S.K.: 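Here's a structure for you.
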Amino acid sequence: MEALYDPSGVERRWQERWEAEGLYAAGAGRRRDETFVICVPPPNVTGDLHMGHALNGAIQDALVRWHRMQGYDTLWQPGYDHAGISTQNVVEKQLVAEGTSRREIGREAFVARTWDWLEKTGMTIMGQYRRLGASLDYSRERFTMDDDYVRAVMTFFVRLWEQGWIYRANRIVNWCPFHETAISDLEVEHVEMDDTLYRILYPFADGGGGLTIATVRPPTLLADVAVAVHPDDPRYAGAVGREVVVPVVERRVPVVADARVDPEFGTGAVKITPGHDPLDFEIGRDHGLETLTAIGPDGRMVFPGFEGLSQEEANERILAWLTERGQLERRDPYRHAVGTCERCHTRIEPLVSPQWWCRMEGLGAPAIEALRERRVRFHPESQHRFAIESLENAPDWCISRQLWWGHQIPVWTCRDGHQVSAWPPPESCSECGASELERDPDVLDTWFSSALWPFATLGWPDETDELARYYPGDVSVTAREIIRLWENRMIFSGLFLRGDIPFTDVIITSTILAADGRRMSKSLGTGVDPMEPIEAHGADATRYGLLKISSTQDVRYAIGAIEEGRKLANKLWNVSRLILQQTAGAEPAERPSALEERWILARLDAARAAVEDAWSRFDFAAATNVLYHLTFDDFCDWYAEAVKPRLYDGDEDARATGLAALARLLALLHPVMPHVTEEIWSYLPAREERLVVAPWPEPDAAYAEWEGALERVQEAARVFRRSGVRVELGGEEERRVFEAVVRPERRQAAGDADAERERLRKEIARAEGMLANERFVGNAPADVVEAERAKLERYRGELALLGE
RNA sequence: GGGCGCAUAGCUCAGCGGGAGAGCGCUCGCUUCACACGCGAGAGGUCCCUGGUUCGAUCCCAGGUGCGCCCACCA
């Protein structure tokens with residue numbers, strides 16, 4: 001073994017070997033009947049692994065490996081999401097760069113090209129998960145556009161249709177003019193932008209002044225159908241019921257009263273454009289107003305006389321018209337949040353269009369109940385409440401997209417207008433028997449198919465053995481922003497289709513910010529590719545570092561934590577060298593005949609309990625903390641130093657127990673640092689089995705009483721190191737460990753006894769003060785008071801030894 | 001505008017009612033036969049501010065200040 005641990009080669013070698021030996025496969029190492037199942041959140045086919053995936057992967061893998069070692073029948077399901085709009089966006093931009101467009105090449109060619117491109121350059125993330133050491137069952141990789149998966153999606157749609165959850169409605173939706181599709185509220189990204197707020201005079205139709213409205217979008221006034229004011233606004237009490245004239249188009253429209261108008265904003269009077277504003281759409285509907293259109297699907301003007309103009313051009317023309325007539329009263333700089341498409345960042349155009357909707361009221365009820373009853377638990381708790389509230393307030397889900405890449409909606413229309421939804425595709429109209437059917441051209445929202453991930457990957461809608469065995473699963477690990485898009489939808493669709501929840505626990509991971517506290521993003525240039533630390537410090541170190549910083553809601557990326565992981569791996573490597581070099585020919589066996597052996601076995605058991613507790617509470621930072629101190633402080637600084645002389649002397653118990661203790665340590669570290677631990681494990685004698693599937697260490701009740709065995713030696717060492725004075729130790733064993741660890745013969749500088757005396761005096765004064773406080777003694781728990789007394793006694797004893 | 005969260009050592013963060021902690025960085029001493037990616041010692045903190053509860057508050061409560069994230073149809 002080399003003195004310096006070199007992770008890269010070792011990690012790659014084990015990754016290949018584990019996968020080749022089938023140890024990542026579902027059920028590998030199974031020693032009990034219970035299952036443990038996690039589905040990886042299917043990444044976009046076009047994407048690369050980012051820091052969020054790496055954290056996510058480190059968490060899931062730690063849980064999966066921990067359960068696998070406990071003998072569970074473990075499945076970690078891999079795969080990809082076709083990511084409708086995101087993938088189409090990528091391919092479409094390629095076409096634009098080539099001087100063509102999707103419309104030019106047509107739908108069929110576009111879809112073919114997308115497949116072609118994906119097969120050549122997409123689907124790379126699973127390779128990066130492999131490099132992270134993620135023990136996904138790669139043999140089971142699924143894609144949400146696989147033939148079987150398509151059947152699942154179609155079946156889901158048809159069942160919703162048959163039970164009346166799906167309807168068609170012409171409503172105002174978020175429209176992306178670049179992709180020319182509707183997108184859901186959840187796909188809109190709000191961005192602060194500098195804009196201009198115009199104040200425009202709408203004269204009364206019968207003369208005598210007018211109303212001044214405020215708007216940021218003059219081009220939409222072409223489609224105005226009313227002006228609205230708040231019913232209680234005294235300024236406009238006389239205006240309601242009168243008519244005003246819309247500028248440019250000279251249309252007479254009514255002034256209506258509506259409580260949704262904010263009298264504080266602008267002038268308190270607002271133009272109503274149901275065709276181009278969501279709130280106006282509602283107000284228009286409630287007041288029986290018509291809906292006019294000024295802007296088309298491509299974001300350009302369609303209003304008669306303005307056809308083909310861009311909105312900027314129309315704006316200039318309208319402003320010129322207003323200025324000429326003195327009706328443009330003011331223009332003020334105005335900063336506000338504007339909706340943009342999260343994929344292409346084009347400004348969203350609210351447009352009225354016919355779309356397919358999934359009714360949420362009622363459909364989400366079983367999911368709400370499951371969350372309320374805590375059959376599904378979100379962690380942390382605050383996200384649990386958020387998940388429930390989101391389901392309770394979920395608006396109807398717009399499931400259709402005017403895209404080409406995705407699952408085409410299984411609805412057919414015959415010449416008589418009858419609509420039928422079925423899968424496999426129907427041959428004729430179920431109502432009139434007509435055989436000429438036209439399929440709806442739209443595709444489904446990507447999240448419609450993702451919602452089925454936990455069971456569609458197991459063969460649903462067929463009742464497969466796997467489905468019976470691995471559904472429901474256990475844990476889902478995702479980011480906060482995906483709770484409503486994905487987690488909640490998996491829960492309600494699982495209950496709807498399978499009558500059961502898909503998992504019991506949802507872990508919402510912390511958001512990893514850049515080192516400067518800003519968001520990690522490509523456009524800001526703040527992103528860090530997780531492959532960088534993996535190549536520089538190793539996958540083990542990176543996994544450790546990510547788990548260590550994963551505790552709070554927002555965490556800054558800190559390379560220091562990963563470097564700490566590298567140090568831990570190196571330390572583990574070196575202490576293993578010490579033990580392995582001194583134990584040639586020995587067999588591992590727990591024969592704790594000396595003080596330090598009893599102590600380290602007790603410490604290992606205590607750490608095992610602490611780590612298990614941390615894993616089960618999903619407190620990954622706590623787990624890494626325990627493992628770090630176990631390795632550095634307990635195992636290396638105390639146990640290894642104490643046992644070293646006995647190893648050199650060839651003590652048989654020390655050698656056998658040393659190997660056994662090392663094996664326990666490796667097992668505890670394995671879920672976090674699988675590679676270095678497996679590598680060391682392979683050098684241990686009588687370890688034919690791979691550590692990946694080795695049994696998780698069993699605790700030994702007999703060890704527990706030895707946990708404090710080194711307490712007095714540790715205190716004596718501390719006093720000696722600081723002051724140069726030897727505290728008297730009770731037994732031969734204690735004195736031997738003290739000499740081995742502290743090695744007084746090598747000590748050069750004399751300690752500062754005065755400083756130590758001063759420290760002890762202060763401690764004694766503090767403890768005496770507390771014990772003299774009757775209220776403390778009376779109210780504090782008995783064990784707290786007792787501990788204080790014990791400390792006082794010890795400090796007094798030590799001070800006496802220092803010559804006082 | 002709503003929700004959630006964070007303010008502790010120079011940096012990144014743990015602790016969350018009874019002695020202020022870790023890692024990194026810094027200072028000093030060590031080429032000690034596992035490891036200089038190391039070992040030992042050490043400096044460095046009104047635990048954001050103001051009140052309150054308590055025998056006792058970094059920890060609980062209220063208010064303030066400053067940050068961050070998520071969400072959101074004020075034109």
Side-chain angles (χ1 to χ4, degrees), chain A residues 1 3-5 172 174 185-186 188 190 197-198 213-217 220 228 260-262 264-267 269-273 277-282 334 336-337 339 350 380 382-383 385-386 389-390 479-481 483-484 510-511 513 515 517-519 537 541 548-549 551-561 563-564 566-582 621-622 625 628-629 632 636-637 640-641 644 647-648 717 721-722 742-743 745-749 751-752 755 762-763 766-767 770 773-781 784-785 787-788 791:
Chain A
M1 287 171 82
L4 198 63
Y5 176 61
I172 194 151
N174 302 298
D185 292 347
L186 301 176
V188 176
H190 290 84
L197 185 65
Y198 301 93
I213 59 89
T215 182
V216 291
R217 300 190 60 198
T220 62
R260 284 166 286 194
V261 176
D262 177 5
E264 303 292 317
F265 186 87
T267 61
V270 60
K271 68 192 206 60
I272 298 298
T273 322
D277 183 274
L279 179 62
D280 292 5
F281 182 80
E282 284 178 28
Y334 182 57
H336 64 148
S382 57
Q383 302 303 335
R385 290 201 309 276
F386 175 70
E389 284 165 18
S390 301
R480 201 159 55 250
E481 62 264 26
I483 292 175
R484 301 194 297 178
S510 47
T511 304
L513 305 171
R518 288 187 297 167
R519 187 184 168 73
H537 305 296
K548 185 190 162 82
I549 64 172
S551 55
T552 57
Q553 186 165 250
D554 309 311
V555 294
R556 291 179 184 210
Y557 175 67
I559 191 68
E563 286 166 352
E564 186 180 305
R566 186 196 54 188
K567 272 178 46 181
L568 177 58
N570 189 242
K571 190 70 175 174
L572 184 65
W573 179 258
N574 279 301
V575 78
S576 302
R577 281 202 324 147
L578 165 69
I579 289 172
L580 288 165
Q581 282 167 5
Q582 299 302 328
N625 197 37
Y628 184 89
H629 291 289
F632 266 84
C636 294
D637 293 352
E641 291 300 330
K644 214 191 288 190
L647 288 177
Y648 293 153
R721 280 169 174 159
R722 286 188 179 169
V742 178
R743 289 194 265 187
E745 76 282 3
R746 294 193 183 278
R747 192 181 173 80
Q748 299 184 349
D752 185 346
K762 274 170 69 180
E763 294 287 4
R766 187 192 53 78
M770 282 180 68
N773 180 340
E774 282 175 28
R775 294 194 176 183
F776 166 65
V777 177
N779 295 326
V784 172
V785 178
E788 209 55 49
K791 275 188 248 175

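The chains referred to below are lettered A, B, ... by the order of the sequence lines, with proteins before strands, and numbering in each begins at 1. In this text the structure is predicted, and so the values were computed from the model without any measurement.
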S.K.: When you measure from the side-chain N and O atoms of H336(A) to the phosphate of rG1(B), is any distance below 4.0 Å, counting only OP1 and OP2?
M.R.: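 Result: no.
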
S.K.: Rounding to an integer number of angstrom, what distance separates rG52(B) and rG56(B) when you compare their P atoms?
M.R.: 12 Å

S.K.: Test of understanding: with salt bridge (charged side-chain N to carboxylate O under 4.0 Å, His left out), list the residues that count as partners of E564(A), not counting sequence neighbours.
M.R.: K548(A)

S.K.: Taking atom P in both rC24(B) and rA41(B), what distance in whole Å separates the two?
M.R.: 14 Å

S.K.: NA contact type, Y648(A), heavy-atom cut-off 4.0 Å: base, sugar-phosphate, or nothing?
M.R.: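 The residue Y648(A) makes sugar-phosphate contact but no base contact.
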
S.K.: Just the atom pairs and distances: protein N or O near nucleotides 55-61 of chain B's N or O, under 3.5 Å.
M.R.:
| residue | atom | partner | partner atom | Å |
| --- | --- | --- | --- | --- |
| rC55(B) | O4' | R775(A) | NH1 | 3.3 |

S.K.: If you compare every side-chain N and O of R484(A) against the phosphate oxygens of rA72(B) (OP1, OP2), does one of them come in below 4.0 Å?
M.R.: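 For R484(A), the contact criterion (side-chain N or O under 4.0 Å from OP1 or OP2 of rA72(B)) is met.
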
S.K.: From I579(A) CD1 over to K644(A) NZ, what is the distance, rounded to the nearest 0.5 angstrom?
M.R.: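 Rounded to the nearest 0.5 Å, the CD1-NZ separation comes to 11.0 Å.
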
S.K.: What's the CD-P distance between E564(A) and rG38(B), to the nearest Å?
M.R.: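 Checked: the CD to P distance equals 11 Å.
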
S.K.: Which nucleotide wins on minimum distance to the side chain of E282(A), given the candidates rC73(B), rC71(B), rC74(B)?
M.R.: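 Comparing rC73(B), rC71(B), rC74(B) against the side chain of E282(A), the answer is rC73(B).
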
S.K.: Between rG5(B) atom C1' and Q383(A) atom CD, what is the distance in whole Å?
M.R.: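 Atom CD in Q383(A) sits about 9 Å away from atom C1' in rG5(B).
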
S.K.: If I take atom CG from residue L572(A) and atom CZ from residue R577(A), how far apart are they, to the nearest 0.5 angstrom?
M.R.: 12.5 Å

S.K.: Who pairs with H336(A) by ring-ring contact (aromatic ring centres under 6.0 Å, His included), at least two apart in sequence or on another chain?
M.R.: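 Counting only residues at least two positions away or on another chain, H336(A) forms a ring-ring contact (aromatic ring centres under 6.0 Å, His included) with Y334(A).
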
S.K.: Do N570(A) and N574(A) have side chains that approach each other closer than 4.5 Å (heavy atoms only, starting at C-beta)?
M.R.: yes

S.K.: Write down the distance between NZ (K548(A)) and P (rA14(B)), rounded to a whole number of angstrom.
M.R.: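 One finds 10 Å between P of rA14(B) and NZ of K548(A), rounded.
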
S.K.: Which stems, defined as runs of 3 or more consecutive Watson-Crick or G-U wobble pairs with both pairing distances under 3.5 Å, involve RNA chain B?
M.R.: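 So the stems come out as B:1-7 with B:65-71, B:10-13 with B:21-24, B:26-30 with B:38-42, B:48-52 with B:60-64.
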
S.K.: Can you figure out which of rC4(B), rG23(B), rA22(B) approaches the side chain of S382(A) most closely?
M.R.: rC4(B)

S.K.: Identify whether any heavy atom of F386(A) sits under 4.0 Å from a base atom; if not, whether one sits that close to sugar-phosphate; answer base, sugar-phosphate or nothing.
M.R.: nothing

S.K.: Nearest whole angstrom, please: distance from the C1' of rC74(B) to the CD of E264(A).
M.R.: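 So the CD-C1' distance, E264(A) to rC74(B), works out to 11 Å.
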
S.K.: Would you mind reading off the distance between N625(A) atom CG and rG23(B) atom C1', rounded to a whole angstrom?
M.R.: 10 Å

S.K.: Would you give the length of the straight line joining atom OG of S510(A) to atom CZ of R556(A), rounded to the nearest 0.5 angstrom?
M.R.: 13.5 Å

S.K.: Please report the distance separating the P of rC39(B) from the corresponding atom of rG23(B), rounded so that it comes out in whole Å.
M.R.: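 Result for the P pair: 10 Å, nearest Å.
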
S.K.: Any chance you could measure K271(A), atom NZ, to I213(A), atom CD1, to the nearest 0.5 Å?
M.R.: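 If I round to the nearest 0.5 Å, the distance is 6.5 Å.
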
S.K.: R480(A) CZ to rC6(B) C1': how many Å, rounded?
M.R.: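 After rounding, the gap between these two atoms is 12 Å.
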
S.K.: When rounded to the nearest Å, what value does the distance between C1' atoms of rG5(B) and rA9(B) take?
M.R.: 23 Å

S.K.: Could you check which of rA34(B), rC73(B), rU12(B) has an atom nearest any side-chain atom of L279(A)?
M.R.: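 Among the listed nucleotides, the one closest to the side chain of L279(A) is rC73(B).
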
S.K.: If only side-chain N and O atoms of Y557(A) are considered, is one of them under 4.0 Å from the OP1 or OP2 phosphate oxygen of rC11(B)?
M.R.: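 For rC11(B), neither OP1 nor OP2 has a side-chain N or O of Y557(A) closer than 4.0 Å.
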
S.K.: Please step through side-chain contact (heavy atoms from CB on, under 4.5 Å) for the pair R217(A) and D277(A), ending with a clear verdict.
M.R.: CA-CA 10 Å; R217(A) 300 190 60 198; D277(A) 183 274; over 6 Å; no

S.K.: Out of rC73(B), rC39(B), rA75(B), which has the shortest distance to the side chain of V270(A)?
M.R.: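 That would be rA75(B).
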
S.K.: Is there any protein nitrogen or oxygen under 3.5 Å from a nitrogen or oxygen in nucleotides 35-37 of chain B, and what are the pairs?
M.R.:
| residue | atom | partner | partner atom | Å |
| --- | --- | --- | --- | --- |
| rC35(B) | O4' | N574(A) | OD1 | 3.1 |
| rC35(B) | O2' | N574(A) | ND2 | 3.4 |
| rC35(B) | O2 | K571(A) | NZ | 3.0 |
| rC35(B) | N3 | K571(A) | NZ | 3.0 |
| rC37(B) | O2' | N570(A) | OD1 | 3.2 |
| rC37(B) | O2 | R566(A) | NE | 3.3 |

S.K.: To the nearest 0.5 Å, tell me how far T273(A) OG1 sits from F281(A) CZ.
M.R.: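 If I round to the nearest 0.5 Å, the distance is 13.0 Å.
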
S.K.: Side chain of H629(A): nearest nucleotide among rG23(B), rA22(B), rC69(B)?
M.R.: rA22(B)

S.K.: Might you point out which heavy atoms bring A640(A) and V575(A) nearest each other, and give the distance in Å?
M.R.: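 Here A640(A) and V575(A) meet closest at CB-CG2, 3.8 Å.
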
S.K.: When you compare rG10(B) with rU27(B), how far apart are their C1' atoms, in angstrom units rounded to a whole number?
M.R.: 14 Å

S.K.: Categorize D637(A) for me: base, sugar-phosphate, or nothing, with a 4.0 angstrom heavy-atom threshold over every strand shown.
M.R.: sugar-phosphate

S.K.: For residues Y628(A) and K567(A), report the shortest heavy-atom separation together with the two atoms involved.
M.R.: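 Taking every non-hydrogen atom into account, OH-NZ, 3.6 Å.
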
S.K.: So if I take every side-chain heavy atom of R721(A) and compare against rC70(B), rC74(B), rG40(B), which nucleotide ends up nearest?
M.R.: rG40(B)

S.K.: What integer number of Å spans the C1' atoms of rG2(B) and rG45(B)?
M.R.: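 Rounded to whole Å, the distance is 37 Å.
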
S.K.: Within this structure, what is the OH-CG distance for the pair Y5(A) and L568(A), rounded to the nearest 0.5 Å?
M.R.: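 Atom-to-atom, Y5(A):OH and L568(A):CG are 11.5 Å apart.
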
S.K.: Please give, in whole Å, the distance from rC73(B) P to I272(A) CD1?
M.R.: 17 Å

S.K.: Under the side-chain contact (heavy atoms from CB on, under 4.5 Å) test, which residues partner L647(A), sequence neighbours left out?
M.R.: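 L647(A) satisfies side-chain contact (heavy atoms from CB on, under 4.5 Å) with Q582(A), T583(A), V643(A), A654(A), R655(A) only.
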
S.K.: To the nearest Å, how far apart are R556(A) CZ and rG68(B) P?
M.R.: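 Distance, rounded to whole Å: 9 Å.
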
S.K.: Does a salt bridge link E563(A) with R566(A), judged by any charged N lying under 4.0 Å from a carboxylate O?
M.R.: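 Here E563(A) does not pair with R566(A) in a salt bridge, since their nearest N and O are not under 4.0 Å apart.
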
S.K.: Nearest of rG68(B), rU12(B), rC73(B) to any side-chain atom of A558(A)?
M.R.: rU12(B)

S.K.: Quote, to the nearest angstrom, the P distance that separates rA43(B) from rU65(B).
M.R.: 39 Å

S.K.: What distance, rounded to whole Å, do you find between the two C1' atoms, one in rC59(B) and one in rU54(B)?
M.R.: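 Approximately 13 Å lies between the C1' atom of rC59(B) and that of rU54(B).
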
S.K.: Of the options rA72(B), rC4(B), rA75(B), whose atoms approach the side-chain atoms of H190(A) most closely?
M.R.: rA72(B)

S.K.: With a 4.0 Å cut-off on heavy atoms, is Y334(A) in touch with a base, just the backbone sugar-phosphate, or nothing at all?
M.R.: sugar-phosphate

